[in-house]
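First comes the structure, then the notes that go with it.
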Amino acid sequence: MKSWRLFRLSITHLRSAPIGAAFAIAGVAIGVGFLVLFVGVGEGLRTRVLNEMFPANRVEFEPRRVKLFGIEGSPNGPGLSQAQVMALRDVPGVSRALGKQRSSFPAKLWGGARLLGFDLRSEAFFDGLPEALMATELRRSETRHRRERGQVERCDVAQDCPAGSSCHQGACAAVDWYERFHDRGIVRHCVKSAECESGERCIDGRCQRECRDASDCPGQRRCRNDACEPGKVCPRGERCDGKEPCPVVGVCEQTCEKDADCGRDGWCNPAERPQGCEPIRCRLHQQADARRISSKSRGVIISPCTGDSCRLKTPCSYGTYCAPDTPATLLGFCERPVPVVVNPLLMEIFNSDMADSLNLPRVADPQLLYGQRFHIAFGDSHFTEDAGTSRQQIKQAVVVGFSTLAPELGVALPLRLVRHHNRRIRGTQRVAAFDAVWVQTDRNERTAEVIKEAEAMGLSLSRRSRFARTLGRAVYVLYVAMLLLGLLVLSVSASNITQTLAMLVHERRAEIAILRALGGASWDVAGVILAQGAVLGVVGSTLGVLCALAVGEILERLIQWLQVPLLPEQLLVYPIWLIPIALTIGLAFCLLGAILPARRAIRLDPSEVLSQP
Amino acid sequence: MNIAPLVQARGLGRQFRDGASEKWALQGLELQILGGEKLAVTGPSGAGKSTLLRLLGALDRSYAGELRVNGCELRDLDDRALARFRGQTVGFVFQSFNLLPSYSVGDNLLMPNVLTGALPAADALERARELLDRVGLRACWDQRPLTLSGGQRQRVAVARALLLKPSLVLCDEPTGALDHDTAQQVLDLLDELHAEQACTLIYVTHDERVVARCDRRLQLFDGRMAERQPGGSS
């Protein structure tokens with residue numbers, strides 16, 4: 001029998017039992033719908049929540065800690081040496097291992113008036129993270145936030161645009177904030193070279209990179225060599241006595257021909273041949289200007305400058321501000337704000353707990369925070385003893401992105417800045433070791449092996465990574481449980497289909513016998529029953545998929561409306577394979593359910609049925 | 001009448017299990033039916049009439065002895081060939097009509113061709129319309145069988161049995177559920193169509209009026225045969 005005839009016969013038979021068919025279709029629809037919805041939620045939790053917050057191929061290690069009388073301590077010393085970090089890099093499967101350092105100096109921050117109407121004040125805690133670790137992470141989260149933001153907005157001036165973007169050719173253009181997580185353009189003050197990183201020295205009160213020639217300098221920078229004369233301080237800190245030649249070491253410097261070559265935070269010093277960029281010296285009008293964000297905080301430029309582009313007595317360029325050397329002075333350098341990265345969890349904590357308690361508006365759109373400026377007073381504290389005015393510094397900071405690598409209650413800064421302030425305030429011993437190390441593996445599957453290797457090296461997973469792995473396992477178990485539940489519902493549906501079709505075969509046994517008498521073969525009759533199963537499967541599965549998509553949409557709107565913490569606005573993820581697989585599984589279960597009734601139909605003896613009255 | 005035998009049975013028997021014991025419904029039947037012949041099979045209840053009809057219609061293959069229809073030993077045919085045989089060589093007319101209630105009269109008529117695909121669809125449609133016209137029910141093409149009277153339903157069943165021009169038409173008590181006048185009309189119709197199509201017509205009946213219209217009577221007793229001329233007493 002041709003397949004279309006089979007299909008027609010199946011449809012006719014099903015139409016004769018509409019209630020049974022409707023129940024069977026509903027059962028399949030519920031089963032397939034559950035399957036699609038559960039996989040969508042599971043995939044969403046896995047990829048949009050768990051992998052975003054705690055990527056499976058990224059773990060944080062700390063020195064192993066031991067609990068004694070309820071207090072944790074590290075038997076192998078306070079931190080990780082550079083050698084340990086390097087050893088981790090050599091572990092098979094590790095693509096990157098980057099040390100991080102926590103701040104161990106007091107600091108306080110304040111700001112947010114532009115967003116909240118007044119300044120929030122808090123003690124500040126920092127993690128210093130390597131720029132290389134953050135680049136990809138920040139770019140991904142910023143791209144996602146922009147995508148969630150949607151359409152392009154028109155503008156005439158920058159003020160028309162939302163925070164974090166600028167006006168370019170009549171449209172608000174997003175600034176690539178992720179490119180700004182670095183310490184270039186930020187002066188690191190010093191009194192002696194010991195306060196600087198290794199490979200740097202303190203010249204003119206600033207830490208500058210040492211070099212022997214241009215090959216030691218990054219990018220197109222040149223190496224400016226200082227000749228040592230008796231009575232002067234050698235680059236390495238020794239005093240020249242005129243007998244022994246001083247080792248010729250210079251500092252890296254950007255070459256320039258005009259001020260514009262030095263960017264917003266530098267000027268082209270004509271005293272140098274070839275000319276080199278120098279930070280721009282500035283002066284605040286009054287000390288209070290250092291503590292608020294206004295046009296006055298840009299101060300006035302007091303550096304010498306070259307002819308045409310002379311900026312003397314003008315404020316520091318847009319995008320920079322006048323950062324005083326200490327809180328007690330008005331003199332400073334035009335600097336870029338310190339880039340900070342915020343943990344998305346902090347925003348959730350603010351929205352879910354703090355905003356209501358403090359009667360503040362919730363910050364629903366993370367995009368609003370990009371570019372927000374606030375102040376950090378390094379070395380100052382609300383709670384503990386401060387570091388003394390000479391070691392304190394007030395800097396402006398700017399939010400350049402979100403990352404789960406940042407501490408939950410604090411912000412992340414470029415590693416070198418945190419190390420610098422740790423060293424200045426707590427001494428060189430403090431920066432000898434890293435507090436933790438972030439390790440990235442080349443594949444998710446390698447992570448377990450790398451953890452074993454690291455544990456053998458005396459390291460253990462950090463509290464955050466342990467939590468992430470536990471959460472990952474919990475989500476996986478939940479995912480599998482939901483999948484099994486979906487399959488269970490489908491199995492029940494299949495059994496329902498078996499009953500419906502068996503009932504149909506029983507009720508229609510006379511018709512089946514007539515079909516056999518009129519020329520239908522056993523397999524034709526079986527085909528009709530199987531085709532009925534297939535029709536129920538296709539209709540039920542399609543309905544199930546459509547219902548799941550609709551329920552998913554409602555669920556997402558509900559999440560948006562309720563603003564559930566940590567859940568993205570688009571939680572559900574439907575992998576490309578999901579809908580074909582769900583339809584196939586639905587169909588397969590229905591065909592399985594139809595096998596038994598089909599066998600009954602084959603075994604039905606037409607002569608016996610037709611002989612009955 | 002075609003002299004060549006359409007049906008040949010030698011030592012035909014059919015045994016049924018009845019609890020622990022076994023019972024022969026038919027036993028040692030020797031039978032030869034010619035093409036175009038009109039035969040009445042009679043006998044008391046339980047004599048084996050319907051069993052014989054089911055064997056001849058290839059609805060039942062579990063027989064002893066030999067049974068050849070149109071030269072084919074039915075036992076040797078596989079399921080598909082047997083189905084094709086039923087669809088194309090045999091036409092059934094049942095006492096209870098056995099029309100498919102879910103389908104229209106037209107679809108009922110076309111069903112043998114739907115199942116066997118013996119004729120191109122257009123030809124089958126033309127033949128079905130012609131037959132329905134012939135049985136006087138042209139206007140009922142789209143109606144459901146349940147909306148028709150008993151006589152009309154039986155006429156539809158007759159038309160369906162003849163759609164694929166079968167060599168053998170098996171009628172199991174075709175007038176059993178009809179009143180006298182309607183039964184006469186149906187029998188007249190069968191006679192006419194038999195004359196037109198030159199098929200072999202076998203009636204299983206208790207009705208002597210039917211027997212009187214046949215060329216030959218096969219009388220069965222306890223599964224065994226006693227052949228008589230129509231009108232003869234048993």
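Per chain, numbering begins at 1; letters A, B, ... match sequence-line order. Just so it is clear, the values below take in all heavy atoms, side chains as well, and ignore hydrogens, waters and symmetry mates.
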*List the atom of B/Phe94, the atom of A/Ala517, and the distance in Å for their closest heavy-atom pair.*
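Smallest heavy-atom distance, with atoms named: CZ-CB, 4.5 Å.
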*Give the intermediate values and the outcome of side-chain contact (heavy atoms from CB on, under 4.5 Å) for residues A/Ile514 and B/Arg160.*
CA-CA 12 Å; A/Ile514 294 167; B/Arg160 182 179 69 182; 3.9 Å; yes
Residue pair [X] / [Y], side-chain heavy-atom distance below 4.5 Å:
{"X": "A/Leu515", "Y": "B/Leu100", "result": "yes"}
{"X": "B/Arg80", "Y": "A/Asp524", "result": "yes"}
{"X": "B/Arg86", "Y": "A/Leu518", "result": "no"}

Are there more than 12 heavy atoms of other residues, nucleotides or ligands under 6.0 Å from atom [atom1] of [X]?
{"X": "A/Phe23", "atom1": "CZ", "answer": "no"}
{"X": "B/Arg134", "atom1": "CZ", "answer": "yes"}
{"X": "B/Arg61", "atom1": "CZ", "answer": "yes"}
{"X": "B/Arg14", "atom1": "CZ", "answer": "yes"}
{"X": "B/Phe16", "atom1": "CZ", "answer": "yes"}
{"X": "B/Phe97", "atom1": "CZ", "answer": "yes"}
{"X": "B/Leu146", "atom1": "CG", "answer": "yes"}

*Check for a donor-acceptor pair, side chain of B/Asp79 on one end and backbone N or O of A/Ser522 on the other, with a separation under 3.5 Å.*
yes
*Among B/Pro101, B/Ala161, B/Ala118, B/Ala58, which has the most heavy-atom pairs under 4.5 Å with chain A?*
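The answer is B/Pro101.
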*Is it the backbone or the side chain of B/Leu53 that comes under 4.5 Å from a heavy atom of chain A, or both, or neither?*
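No part of B/Leu53 comes within 4.5 Å of chain A.
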*Can you say whether B/Asp172 sits under 4.5 Å from chain A via the side chain, the backbone, both, or neither, judging by heavy atoms?*
neither
*asked:* Between A/Ala510 and chain B, with a heavy-atom cut-off of 4.5 Å, which part of the residue counts as in contact: side chain, backbone, both or neither?
replied: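 Interface part for A/Ala510: neither.
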